[in-house]
Amino acid sequence: MGSVWRDARSITDLGQHMAAWLEGRLPSWPGYHGPFGQEETDGARHLIPVLAAANRAGYVTTCSQPACDEVLDGVRWRQRAWVEGVVDKRSPLLRRLEDLAGRGFTVVHGWPRAGYELTTRDGRAVTGIGGFRMRRNDVVREWRGVGHQAIRDLKENGVRIHLIDLTYGRDDRLWPALANAIR
């Protein structure tokens, strides 16, 4: 993984590194299993500029998906636009992200006990968030290989935020709203 991740000292450092990974300048990140550019990311390349900018602004994104509503090989796939990440609780960006709830988006802190469906296949949920409790050591597991100071910053100051557009197939609202929030 390289010393760039081990040398990270803060959430801000992680955001800078994550932006570099999204842009293809780093081969991987600690919580990612697979080489950059795998087939799954091909349909989401349009998200890279806004996600990289969000990371540089302090919203360290760890997972996202574009919305879609399409039939592939005779099967209907529906996805909600969604992004998950961590922001420093002391940052004014936290409030701006929370304010997206008043603009028609669902904003979820941490790991919700109730689940949110994110992707369906022929009407059955195949991906989602929530329904389980995240344990304290999950931060260490997700960020294995990251410097101890950055892990401490994540544990002490990191707030996990999920942003969801609950309308399946609508991919033209969440990303501009996120871009506006990080300005």
Side-chain angles (χ1 to χ4, degrees), residues 1-38 41 44-66 81-103 105-112 116 118 129-130 132-164 174-183:
M1 194 91 30
S3 67
V4 67
W5 295 102
R6 281 191 305 275
D7 292 344
R9 300 169 64 90
S10 65
I11 294 170
T12 299
D13 289 348
L14 294 175
Q16 299 304 311
H17 299 335
M18 191 65 80
W21 172 74
L22 283 162
E23 295 167 338
R25 293 183 287 115
L26 289 177
S28 195
W29 70 276
Y32 185 67
H33 307 289
F36 179 81
Q38 73 181 43
T41 63
R45 295 217 181 274
H46 68 286
L47 303 182
I48 291 174
V50 70
L51 292 175
N55 278 280
R56 285 191 187 91
Y59 181 42
V60 183
T61 63
T62 55
C63 207
S64 62
Q65 72 178 29
W82 160 76
V83 62
E84 168 193 340
V86 177
V87 65
D88 192 308
K89 69 183 179 187
R90 302 164 296 187
S91 170
L93 179 58
L94 175 60
R95 181 70 180 152
R96 293 196 308 270
L97 294 173
E98 292 171 333
D99 286 347
L100 291 176
R103 295 190 178 100
F105 302 103
T106 298
V107 178
V108 180
H109 287 82
W111 289 103
Y116 290 85
L118 298 173
I129 60 166
F132 65 93
R133 184 181 162 136
M134 187 166 181
R135 293 179 295 278
R136 184 172 174 80
N137 65 348
D138 286 347
V139 169
V140 175
R141 186 178 6 260
E142 181 177 34
W143 291 98
R144 186 180 314 261
V146 166
H148 295 294
Q149 288 179 320
I151 292 290
R152 185 177 323 115
D153 198 23
L154 284 166
K155 287 181 176 180
E156 293 176 4
N157 300 307
V159 177
R160 186 173 300 268
I161 297 284
H162 300 265
L163 306 173
I164 310 166
L174 179 61
W175 313 113
L178 177 58
N180 190 50
I182 62 175
R183 285 192 183 107

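Both backbone and side-chain heavy atoms feed into the values below; hydrogens, waters and symmetry mates do not.
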| query | Yes or no on side chain to side chain contact (heavy atoms under 4.5 Å, CB included) for Asn55 and Trp21, after CA distance, side-chain angles and deciding distance? | reply | CA-CA 10 Å; Asn55 278 280; Trp21 172 74; over 6 Å; no
- request: Report the C-alpha distance between Val86 and Ile161 in whole Å, list the side-chain angles of each, state the deciding distance to 0.1 Å, and finish with yes or no for side chain to side chain contact (heavy atoms under 4.5 Å, CB included).
  value: CA-CA 6 Å; Val86 177; Ile161 297 284; over 6 Å; no
_Run the side chain to side chain contact (heavy atoms under 4.5 Å, CB included) test on His109 and Glu98 for me, step by step, so that the C-alpha distance in whole Å, both residues' side-chain angles and the decisive distance to 0.1 Å come before the verdict._
CA-CA 9 Å; His109 287 82; Glu98 292 171 333; 2.7 Å; yes
Practice prompt. Show the numbers, then the answer: is there a side chain to side chain contact (heavy atoms under 4.5 Å, CB included) between His162 and Val107?
Written response: CA-CA 6 Å; His162 300 265; Val107 178; over 6 Å; no
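In this structure, the separation between OG on Ser64 and CG on Leu51 is 4.5 Å, given to the nearest 0.5 Å. We find the CD1-CG distance between Ile11 and Asp88 to be 4.5 Å, quoted to the nearest 0.5 Å. The CG atom of Leu93 sits 9.0 Å away from atom OH of Tyr59, with the distance rounded to the nearest 0.5 Å. Expressed to the nearest 0.5 Å, how far CZ of Arg160 lies from CG of Leu154 amounts to 8.5 Å. Note: Ser28 OG to Trp5 CH2 = 8.5 Å, rounded to the nearest 0.5 Å. The distance from atom OG1 of Thr62 to atom CH2 of Trp143, rounded to the nearest 0.5 Å, is 6.5 Å.
Between Gly145 and Arg6 the shortest heavy-atom distance is O-CG, 3.2 Å. Of all the heavy atoms in Leu118 and Gln65, the pair that sits closest is O-NE2, 3.0 Å. Taking all atoms of both residues into account, the shortest heavy-atom contact from Ala52 to Leu22 is N-CD1, 3.7 Å. Across Val146 and Pro30, no two heavy atoms sit closer than the pair CG2-CG, 3.5 Å. Ile129 and Trp82 get closest at one heavy-atom pair: CG2-CZ2, 3.6 Å.
In this view, Arg152 satisfies the side-chain hydrogen bond (donor to acceptor under 3.5 Å, both in side chains) rule with no residue, not counting sequence neighbours.
Distance alone, capped at 3.5 Å, places no donor-acceptor pair between the Thr61 side chain and the Cys63 backbone. Between the side chain of Asn180 and the backbone N or O of Pro176 there is no donor-acceptor pair closer than 3.5 Å. Proximity of a side-chain donor or acceptor of Lys89 to a complementary backbone N or O of Leu94 within less than 3.5 Å is not detected. Proximity of a side-chain donor or acceptor of Tyr116 to a complementary backbone N or O of Ile164 within less than 3.5 Å is not detected. Here the side chain of Arg96 pairs a donor or acceptor atom with the backbone of Ala181 at under 3.5 angstrom.
Within the 4.5 Å cutoff, the side chain of Val87 has no heavy atoms near those of the Val60 side chain. When side chains are defined from C-beta on, Trp175 counts as touching Val83, because their heavy atoms get closer than 4.5 Å.
Contact check on Asp99 versus Arg95 returns a salt bridge, with a Lys/Arg side-chain nitrogen under 4.0 Å from an Asp/Glu carboxylate oxygen. Salt bridge present: Arg56 and Glu23 bring a charged side-chain N and a carboxylate O closer than 4.0 Å.
Checking Asp153 against Ser10 by side-chain atom types alone, no donor-acceptor pair falls below 3.5 Å.
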